Amino acid sequence: MKHGWLKWASFLCLAALAQAEEGKWTPQQVLQLILTNHHCLFGIRQEHSRPDRDLITNGFLARSREEELRGSTTWVAIPRKFTDVTKEVEAAGAAAGSGDLERAKAADAKQKALIADCEKTPEARCRVAAFDGGLQYVLVETMELTDVRLVYAPPRAVGDYGGETDNFRWPRHAGDFAIARAYKDGQPYRPEFYFPISQAGVKPGDFVMVLGYPGRTMRALTAEEMADQRDYLYKLREELYGQWIGILEKVDAEGAITVAATLKSLNNSHTNAQGQLAALARGRLIDKQKAADDRVMQWAAGRPAFAAAVEAKKNLEKLAAERRRTATRDYLFQAIQPGPLALKHATALVRLAAERAKPDAARDADYMEREWTRLRAAMERDQKSFYRPADEALFTCYVEHALNLGEEERIAAIDKVFQPDSIARTVHLLYEATRVTDGSERLKMFQESTEQLRARRDPMLDLAFLLEPELRAWQTAAKTHDGAVARLRPEWRRAVIAYAGKPVAPDANSTLRVSFAHVQGYAPRDAVFYTPQSTLAGMLEKNTGEEPFALPEKIVEAARGVDAAKIPIDFLANADTTGGNSGSPVVNGRGELVGANFDRVWENVANDFGYNPEIARNISVDVRFLLWLLKDVEKADGLLQELGVKR
Ligand code: ASP
């Protein structure tokens, strides 16, 4: 199988292969460093930046262990064990009777029990992952290392060279990597397996593979469900995030650094949404899916063994139609999470207080005790991103959208608190009176009960209390929907897979996958061909001195001493990747590390809906660029030695 994600079993084989390579490595040579993307460790740099120490702009290099910077919300999960638990989860659902909500709840309870049992093992962090919408459930046990320290990150102008202009684009010249060290019991963690660095690098035609955690793809959806994603996710996101970005871009100099991380993440999702919409249309992906669905339906219709699949497909369509009625409102509920911090925190605090009063196993999964440390750390860290004028403006925009919803989709709490002609003023008054936006006060609220929160008479919390029943009703409807999908999708997928007559890689679900590929260019349009490797020469060519193409002087200086066309930066391959694959190691056929994946090309953003070999290209940063930076720019000899680089 040339393309597509395989499941974890393949990874274990490959990892074993990597270890079987020749070499009796000394402990000093054994890599204790994690190589990932620059943007993946943005949080640590933000956390440790101060007005007089701007690590976001300048990057960071620890010249000794003592100088490394620990991130409070960064952790590493090392896969340890995978167990098929399909039978257990299905049996629990079946025993609960015929209601979709009851079955979904019973399946949830079973998963929580499996996770609780799994986490009795020291340091274990577990989850149950559903494949193919519930055709298979796998209990994934990882070892979690929560002490992760930043060792090196290049300046932003290198790591994020090209910024949003070049995001999801080729040719690309971003040195999008960073190095961290994970600690266990206060000592650097030494992994059992690792990929030694290849100094030979890659060339066109070379075999490479990407190992990582692709987040979510939607290839198993029916054509109608795909159209809903287009209309009720990407189109709405494009609009709302576009407006939020406009607001954050206008923030004054005082707030610009504070909102930088939020702006970057909104920009990334917004560009992604635009790419999805453009590529869905260009590739006519939904029409193609419709034709594919029809072929399976026809095939299944003539086979009694697949009668249930035909029924399931029809019912999936009915479910989707049902969901469409409140899809815009549902989208706005989802947008609380990436949206104004005051609303996000107030709703989370209200929910946490209610959930804390229940026994742990009865709590919403996101609010179980195992999540509290993380929730609290995120609430604390978010203060670094809070700039009140910006947050107020985002909130005002959010309320405008909510007040514009159709008759069937009203949000009663918003209707009650806001009037169309005075939104900004009401929002302003809320922010004047609330303490939710005060970092230390918020952490006190984190411990409080529902009664205590209510007694505060804080208007932002009161708004969250008003919203709470509506959010609960929405989540219950979503759970009922999930229960129905878990009943129907596996039936339908069985027919799709039987029709294909060969293994079909399941959609991405943030579990470990491997994709096999070759380094190669592509034709983005008629009469244009992109070659697959970029170099320092191209980086210098793009350097206008203006953001986002403003190289630090030390790079320009170091480049004078080398043949820039020979220093590789990024490369393309046809690996099957998506969001979440950032930082995924890219290794050659000998199990040596040649790069780190960090993006896809514009034409390929909608590969989430279907793989097109002509344009399926992922973008990786070449490890040789990291070595050049460490050697010629940073003079970080100690680090190079640790990376096992012979000089
Ligand atoms: N940039 C993405 C990520 O952050 C990767 C991608 O979308 O291809 O995971």
Side-chain angles (χ1 to χ4, degrees), residues 3-5 34-46 74 76-77 153 156 159-178 180 208-219 229 233-234 237-238 241 261-280 338 507-515 517 522 524 530 532 548 569-586 595-612 615-622:
H3 307 299
W5 292 308
I34 298 156
L35 196 125
T36 183
N37 289 152
H38 187 259
H39 71 269
C40 298
L41 296 180
F42 190 93
I44 304 191
R45 296 198 300 283
Q46 188 189 36
T74 311
V76 171
R156 183 180 191 160
D160 191 24
Y161 193 62
E164 213 42 44
T165 313
D166 272 6
N167 195 10
F168 290 109
R169 301 297 197 296
W170 187 260
R172 190 71 163 270
H173 298 86
D176 194 349
F177 49 71
V208 288
M209 54 197 170
V210 178
L211 301 102
Y213 293 82
R216 177 173 176 248
T217 55
M218 288 148 282
R219 295 180 192 171
Q229 292 292 313
L233 174 63
Y234 296 116
R237 182 180 284 176
E238 190 195 19
Y241 285 17
T262 313
L263 186 57
K264 183 166 169 53
S265 128
L266 287 174
N267 261 322
N268 188 54
S269 301
H270 184 251
T271 306
N272 179 291
Q274 289 180 320
Q276 301 274 5
L277 292 169
L280 276 169
D507 262 323
N509 57 359
S510 298
T511 54
L512 189 56
R513 309 291 179 95
V514 53
S515 172
Y522 75 110
Y530 284 154
I569 299 189
D570 296 332
F571 65 89
L572 293 175
N574 59 338
D576 196 352
T577 58
T578 187
N581 267 119
S582 279
S584 301
V586 184
N597 178 78
F598 71 99
D599 216 359
R600 283 163 291 165
V601 299
W602 183 248
E603 296 73 18
N604 186 37
V605 177
N607 77 336
D608 289 354
F609 293 91
Y611 183 89
N612 176 354
I615 50 165
R617 298 294 179 272
N618 67 307
I619 310 179
S620 305
V621 58
D622 194 311

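Not measured: the values here are computed from a predicted model. Ligands are counted one by one from 1 in listed order, and the atoms in each one are counted from 1 as well. Just so you know, residue 1 is the first one in the sequence shown, and it goes up from there.
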Handout entry: Within the 4.0 Å heavy-atom sphere of ligand 1, strictly under, residues
Key = H39, F168, T578, G579, G580, N581, S582, F598, D599, R600
Handout entry: Modelled atom types, side-chain donor and acceptor of N618 and N597, under 3.5 Å
Key = yes
Problem - Donor-acceptor side-chain pairing of R216 and N509 below 3.5 angstrom - result: no
Handout entry: Residues in side-chain contact (heavy atoms from CB on, under 4.5 Å) contact with P548, at least two apart in sequence or another chain
Key = T165
Practice task
Mind checking the CG-CG spacing from D570 to D599? Nearest 0.5 Å is all I need.
Solution key: 9.5 Å
Handout entry: Side-chain donor-acceptor pair present, S265, N268, cut-off under 3.5 Å
Key = no
Handout entry: R513 and T511 side chains, donor-acceptor separation under 3.5 Å
Key = yes
